[in-house]
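Comments concern the structure below.
Reckoned from all heavy atoms, side chains included, excluding hydrogens, waters and symmetry mates. In what follows, chains carry the letters A, B, and so on, assigned in the order in which the sequence lines appear, proteins first and then strands, with residues in each chain numbered from 1.
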Amino acid sequence: MPAMTMVQALNSAMDVMLARDPNVVIFGEDVGFYGGVFRVTEGLQKKHGEQRVFDAPIAEGGMLAVAVGMGAYGLRPIVEIQFADYIYPATDQLVSEAARLRYRSGGEFWSPLTVRAPCGGGIFGGQTHSQSVEAVFTHVCGLKTVIPSNPYDAKGLLISAIEDDDPVVFFEPKRLYNGPFDGHPERPAVPWTQHPQSEVPEGYYNVPLGRAAVVREGTAATVLAYGTMVHVARAAAEESGIDAEIIDLRTLLPLDLDTIVASVKKTGRCVIAHEATRTCGFGAELAALVQEHCFYHLEAPIVRVTGWDTPYPHALEWEYFPGPKRVADGLRRVMET
Amino acid sequence: MPAMTMVQALNSAMDVMLARDPNVVIFGEDVGFYGGVFRVTEGLQKKHGEQRVFDAPIAEGGMLAVAVGMGAYGLRPIVEIQFADYIYPATDQLVSEAARLRYRSGGEFWSPLTVRAPCGGGIFGGQTHSQSVEAVFTHVCGLKTVIPSNPYDAKGLLISAIEDDDPVVFFEPKRLYNGPFDGHPERPAVPWTQHPQSEVPEGYYNVPLGRAAVVREGTAATVLAYGTMVHVARAAAEESGIDAEIIDLRTLLPLDLDTIVASVKKTGRCVIAHEATRTCGFGAELAALVQEHCFYHLEAPIVRVTGWDTPYPHALEWEYFPGPKRVADGLRRVMET
Amino acid sequence: MDRADSASADFKAGAPQAPLTLHIPPHHAGPGERPDYKDVPRFAAGAVARPDIAVPAQETHSLAYQLIRVLDDDGAATGEWNPTLDTATLQRGLRAMMLTRAYDERMFRQQRQGKISFYMKCTGEEAIGVGQALALAPDDMVFTTYRQQGLLIARGWPLLDMMCQCYSNSQDRMKGRQLPVLYSSKEASFFSISGNLGTQFPQAVGWAMASAYKGDRRIAAGWIGEGSTAEPDFHHALTFASVYRAPVILNVVNNQWAISSHQEIAGGEAATFAARAIGFGLACLRVDGNDLLAVYAATQWAAERARHNHGATLIELFTYRAAPHSTSDDPNRYRPEDEGKEWPLGDPIERLSRHLIRLGEWSGERQAQLESELADQVRETGRTAESYGTQENGPHFSAKTMFEDVFKETPWHLRRQRQELGV
Amino acid sequence: MDRADSASADFKAGAPQAPLTLHIPPHHAGPGERPDYKDVPRFAAGAVARPDIAVPAQETHSLAYQLIRVLDDDGAATGEWNPTLDTATLQRGLRAMMLTRAYDERMFRQQRQGKISFYMKCTGEEAIGVGQALALAPDDMVFTTYRQQGLLIARGWPLLDMMCQCYSNSQDRMKGRQLPVLYSSKEASFFSISGNLGTQFPQAVGWAMASAYKGDRRIAAGWIGEGSTAEPDFHHALTFASVYRAPVILNVVNNQWAISSHQEIAGGEAATFAARAIGFGLACLRVDGNDLLAVYAATQWAAERARHNHGATLIELFTYRAAPHSTSDDPNRYRPEDEGKEWPLGDPIERLSRHLIRLGEWSGERQAQLESELADQVRETGRTAESYGTQENGPHFSAKTMFEDVFKETPWHLRRQRQELGV
Ligand SMILES: Cc1ncc(C[n+]2csc(CCOP(=O)(O)OP(=O)(O)O)c2C)c(N)n1
Ligand SMILES: Cc1ncc(C[n+]2csc(CCOP(=O)(O)OP(=O)(O)O)c2C)c(N)n1
Ligand SMILES: [Mg+2]
Ligand SMILES: [Mg+2]
């Protein structure tokens, strides 16, 4: 099996689906001739043609609206939002239309579309190229939300998202596109090739939506993470020496609660880590669920290690980013009692 | 002091501020000549003139953009979004602009604007006239979020919101506009006149943002609620016979955590009630905070009584609405252990 | 170079004496005032030329400031736009318009009687939905607003089904989830109506792009009210239709009012809504929306243009909202009571009926007879519909259906919530 | 009436033989191909008439398909649009453009050297920011994109302050929060630049409405790239400017490219961007953006029009993005390498310099001398700026400032988070 970066794995997922299903089309800003500012659609227009992979006007809301109409016809559009920070103009079409269509039409119409958007910080992109906006969408009934943490999952989950008959918002941690990142910017960047999950089959396969993965077994405490924070959590476990069990949620909605509950009941302690701002972030929902379902097993308050409730500051990127030290501190805090 | 409905109290707040501050202007769909579909701006154009209270094109995003520009000039615009369900087209200007302006400009520019929008169900408005979208905005740093539950607070909080130099999203529970509502649609509607908090001074006063109110003292369990659910919670306490302490949050962000923590530490039990969909609703943040700050005082899992994670269904309105029975069940559940 | 320098000499010269002033469009004629029809374009029937369907869009742009009319005041059909429809089609059109009006009358009353929560009439605008239905193929996909019920009726969709939706009763295919009048019928190629204004407009463009991508022959059509053209969706529809030459008809129904705000507030003061097409290089037509023949002809022109891959047409349908905005509205608070009665472009049903009479294919008696016939039909159908329940005595779907169709398969958290509700 | 009926006879007759096809605008000339300048309008300098500033907007609409040019290829200024600026102003313009280019050169290199994270040049577009700064009053409020740094420079704003922003250093008034080039200067009446495309455009309209509401004399101006005109903000700006006759200038900078997509993808294939104004009854001008005199004249016309309460003007500034989109971009992946060099409208600095030489007010020597003078100035200023720190190795603002300015007063939850960070 070839080693792929996350960019290559995502590209391969779309390549495979374009070949398998004539109803799959891809559009977005700069995705056609150029292949996307992160190169995720590179070569797809050349291979599959302009009719299937094409540039769109700079209008995120327009793209989503058009995708809803295409979905009603029977296509499976994949829309790339150049940065998750720019998804807001598409909010109405996503929330009021794509997410509600099946329900309001009594099941007559639906939106089998996939919205891809790079998310998260770590590239000095400042507040408009670094946001993690998943919680805006996990609050919306009718949308599924996915965030992969490695190339193998990225391809398998994206294929599942494309094949899914409900709208899926698929966030891609841009800091992981070309290599894993454990939250130590001072260390030399490592390529995906050295990571086991960069082994990606060239052909079709999928990773089902709604299933988390235990990426590190442990007994001391449970860490709930997704995207970049999965790698940061690993580093935190190693560096703190605390035997944490790390769960990569992979799909935020529908959530794999059973895996979470089983782990927390085992460890009795829980740290939740995400890059998004804290208040009303997805960690709030996780904390609410964990205390509801594991109340009698919890030995310490659940700790949230998150981005601060401020915009993502440009120069103070690493003071904002919830790195291994902060996750380790969180682990220590839950171990205190 | 005259008795006012919530509509009259809100109208009075704007009337007072238009008279006090020449920088206050009001615009929105049908707010001018007509006085708003819920009559909240009735008479204000006639009294203060077309230059200060005027109709806007049907473009929520445009209204917000224009308000941000006006704010940069030095005005204090009040924008009415006809229904909270229609605020989504304004998301980008609210989140990316109004909320971020002070931060990104190093404090040079800010957005002293107030966005008013009727929220919540109970009027058979179906899924596009019934939503409670507060959690979309409480997740956004830089925005304040307010939801009153009675005429006195409505006027005092709206005046504080207008005077505030940060952008405030002000949600008005439409089911409370013309009378309190305890969640019993089968009972005859009661007017505000019979409610103590319908006593509203005609002139200027304010209710500070960021302070909750204990509307019912109790010892058995704490109920955290806001808007319509405050009245429903009262009914639930009476009907269940459970001596609940009911806290009306009034401002969701900044949140009055001290009042909440003091109460939960006293009662050891907590029920959170809101009309919005549950997953990632504001109740999730409340649960996360309460378990964090009251962990050693909690005697039972925190219970969330909320709208279901579905669109607000037209005919099944009362099966969707979290009425007194469901809140009472929630209270019984927290009392079980 | 210091800042002061940068003020240009010319600026100082050109400086005006008077300060800036903010223009707020004055409210249109209000209650008690005389109706003001100055915005109503005066064009004689037959006065406007009909370009070939294949002309460059630019050659249609002068039409943005004209008004295509076929029926004159005496009911004669004249000019290049006369579609010369056969009697059967004309009578079908008249019947569908009358049925639509009869249906609206009853359902409006049903709301007043508390049997449904809400209703919206299209009185005075029947020629739009009906005329366009006749000009489109039955399988052309339509993305309408809440005011084109005539289209569904003209497509022969059963009134019973529509009524059941309004009653949210046991036969409502939308399972009581939607506000009355927000119909959906995949079978009738009628897209689910949204309560959010404007969203359907660019969706129609997307559907049309998909149809073109597939080498299909079906086109799409979208409708939007003049007030809603201020929404982003309008801009997106025009942009994407222009860039990808989508086979779509983009209809702006200018019925003068957006609840209480007149078309000036939507930007109708400085330009017509048809003119919005000019800046995108799209074809445009402006039509007397109360003239079924003109509506038919314009729609047929745009449909043929789209089907021949010449791209999208923006049609402004100039009409008047004779009814209140909805059952929640009271127009007497913001416009003269007689504004509708005196509407210069008349009533679409009377005008078509006059035409048929003139052709010798119709009469006052037949008109009266058909009217009572349709009233009976609506009453009968209404009774049947009510027998399946009304919103008042509902709900008629079990609470468990509330949790269905949020997703294709109901995930665990919704199943748990259903259990929590005990259903 | 059953569904089959409703298919109209005419439809069947008019049915085309060929199926529908989807039009995807072909990519503009790509790498290795010959540059394609077919979209570049050919108008001689002085060829376009200048209407009075008070004319009805309609009388400007033909200008949407012309191109206002003042400087001819020999550097002569001709025609009604010639603003006949005095030498001092011309030289100030030339100097500001050259300073802008020198500044861009250095900062671009700084990014390559890793001292800043990101940079965006406006090479080839200097006449826009600079020419417009000269035509506006220094206190007219400007809402620019990231490509009008020339405007800030022409207003005499200190380069040092701009550099410190790019370095996110200890002297950055934005406290290191913003990506380089997203300047803000209330003192220079320069609104905080947003990273979100388009948002500033309707904000400019709102500011202008406020100024008019207050009976002020200051107008506003907004800028947007041609690619970003597809965003809702563009539609909102035109709608609100039209409805309320806001005293604002709405500038569309058509530099042909939006990162890798050519203007066709933004809807430039079927109509010009200036033409977007027509549908809203706004005045429009289309200008050679590489001709400082034309840019000045058009801006001055629009400013005077706005100041006299005649409302907004949409100006399309036709130019070419000679530089990569940003330091993250590689244009050689999507356009011919020599596309910029051969740009038919030339280089704005060369053209103005040629004009001054022709007037006998300038020379090659002085040009060369000024160039090195400015290079020195930029280098010196750069050294000073770097002495306050660079993005690469600080010093930056202390972490505690990260929690400030989210709100006017920092609420408890942010204070707690600051404590959690231990600062
Ligand atoms: C996004 C959005 N904003 C506001 C509303 C509230 N609303 C419903 S109908 C209406 C007026 C629409 O007027 P117009 O577009 O002219 O259509 P008409 O009712 O005249 O057919 C408004 C403001 C809504 N439904 N959706
Ligand atoms: C809302 C939004 N969508 C996408 C982007 C990413 N982006 C940054 S610049 C750019 C191209 C803009 O092109 P244009 O408007 O022509 O301006 P130019 O760069 O040519 O000056 C894009 C797509 C963004 N910043 N904001
Ligand atoms: Mg209307
Ligand atoms: Mg551009």
* **Interchain contact, A:Tyr320 with chain D, by part (heavy-atom threshold 4.5 Å)** => both
* Asked: Checking salt bridge (Lys or Arg N to Asp or Glu O under 4.0 Å) for the pair D:Lys400/A:Glu319: CA distance, chi angles, key distance, verdict?
  -> CA-CA 9 Å; D:Lys400 112 176 159 312; A:Glu319 286 70 17; over 6 Å; no
* To do: Check whether D:Thr21 gets within reach of chain A through its side chain, its backbone, both or neither, counting any heavy atom under 4.5 Å.
  => neither
* Asked: Step by step, would you call A:Phe33 with D:His28 a side chain to side chain contact (heavy atoms under 4.5 Å, CB included)?
  -> CA-CA 10 Å; A:Phe33 188 89; D:His28 203 70; over 6 Å; no
* Region of A:Arg333 that comes under 4.5 Å of a non-hydrogen atom in chain D -> side chain
* Tell me, do A:Glu42 and D:Arg333 make a side-chain contact under 4.5 Å, heavy atoms counted? -> yes
* Structure fact -> What one should report as the nearest heavy-atom pair of D:Met402 and A:Pro313 is SD-CG, 3.5 Å
* Flag if over 12 foreign heavy atoms under 6.0 Å of CD, D:Glu33 -> yes
* Asked: Measuring heavy-atom distances to chain D, does A:Glu60 have an atom under 4.5 Å in its side chain, in its backbone, in both, or in neither?
  -> both
* Over 12 foreign heavy atoms within 6.0 Å of CD, D:Glu392 -> yes
* Structure fact -> So, the part of D:His396 with a heavy atom under 4.5 Å from chain A: the answer is side chain
* **Under 4.5 Å from a heavy atom of chain A, the part of D:Gln391 involved** => side chain
* Quick one: does D:Glu231's side chain get under 4.5 Å of A:Pro89's, heavy atoms only? -> yes
* Asked: Sub-3.5 Å donor-acceptor pair from the side chain of A:Gln127 to the main-chain atoms of D:Arg177, do we have one?
  -> no
* Heavy-atom distance under 4.5 Å to chain D: side chain of A:Asp329, backbone, both or neither? -> neither
* **Heavy-atom pair of closest approach, residues A:Ile58 and D:Ala258** => CD1-CB, 3.8 Å
* **Among the listed options A:Gly126, A:Gly61, A:Ala59, A:Gly62, the residue most often paired with chain D at heavy-atom distances under 4.5 Å** => A:Ala59
* Asked: How are the rings of D:Tyr334 and A:Tyr34 set relative to one another: parallel (under 30°), tilted (30 to 60°) or perpendicular (over 60°)?
  -> perpendicular
* Asked: If only atom types and distance count, is the side chain of A:Asp30 paired as donor or acceptor with the main-chain N or O of D:Ser260 below 3.5 Å?
  -> yes
* Working to the nearest 0.5 Å, report the span between CD of D:Gln417 and OG1 of A:Thr277. => 9.0 Å
* Rounded to the nearest 0.5 Å, what's the gap from OG on D:Ser398 to CG on A:Leu316? Could you check? => 7.5 Å
* Asked: For the atom pair CG (D:Asp405) and OG1 (A:Thr310), what is the distance rounded to the nearest 0.5 Å?
  -> 11.0 Å
* Nearest-0.5 Å distance that lies between atom CZ in A:Arg278 and atom CG in D:Leu414 -> 10.0 Å
* From D:Ile259 atom CD1 to A:Asp55 atom CG, the distance as rounded to the nearest 0.5 Å -> 10.5 Å
* Please flag which part of D:Ile265 lies under 4.5 Å from any non-hydrogen atom of chain A: side chain, backbone, both or neither. => both
* Asked: Hey, does D:Phe118 have a side-chain heavy atom less than 4.5 Å from the side chain of A:His314?
  -> no
* Interface moiety of D:Ile24 toward chain A, non-hydrogen atoms closer than 4.5 Å -> both
* Indicate yes or no: at least one non-hydrogen side-chain atom of A:Pro311 is less than 4.5 angstrom from one of D:Val406. => yes
* Heavy-atom side-chain contact between A:Val37 and D:Asp329 under 4.5 Å -> no
* Structure fact -> If one checks every heavy atom of D:His325 against chain A at 4.5 Å, the contacting part turns out to be neither
* Out of curiosity, A:Trp308 CH2 to D:Leu421 CG, how far, rounded to the nearest 0.5 Å? -> 5.0 Å
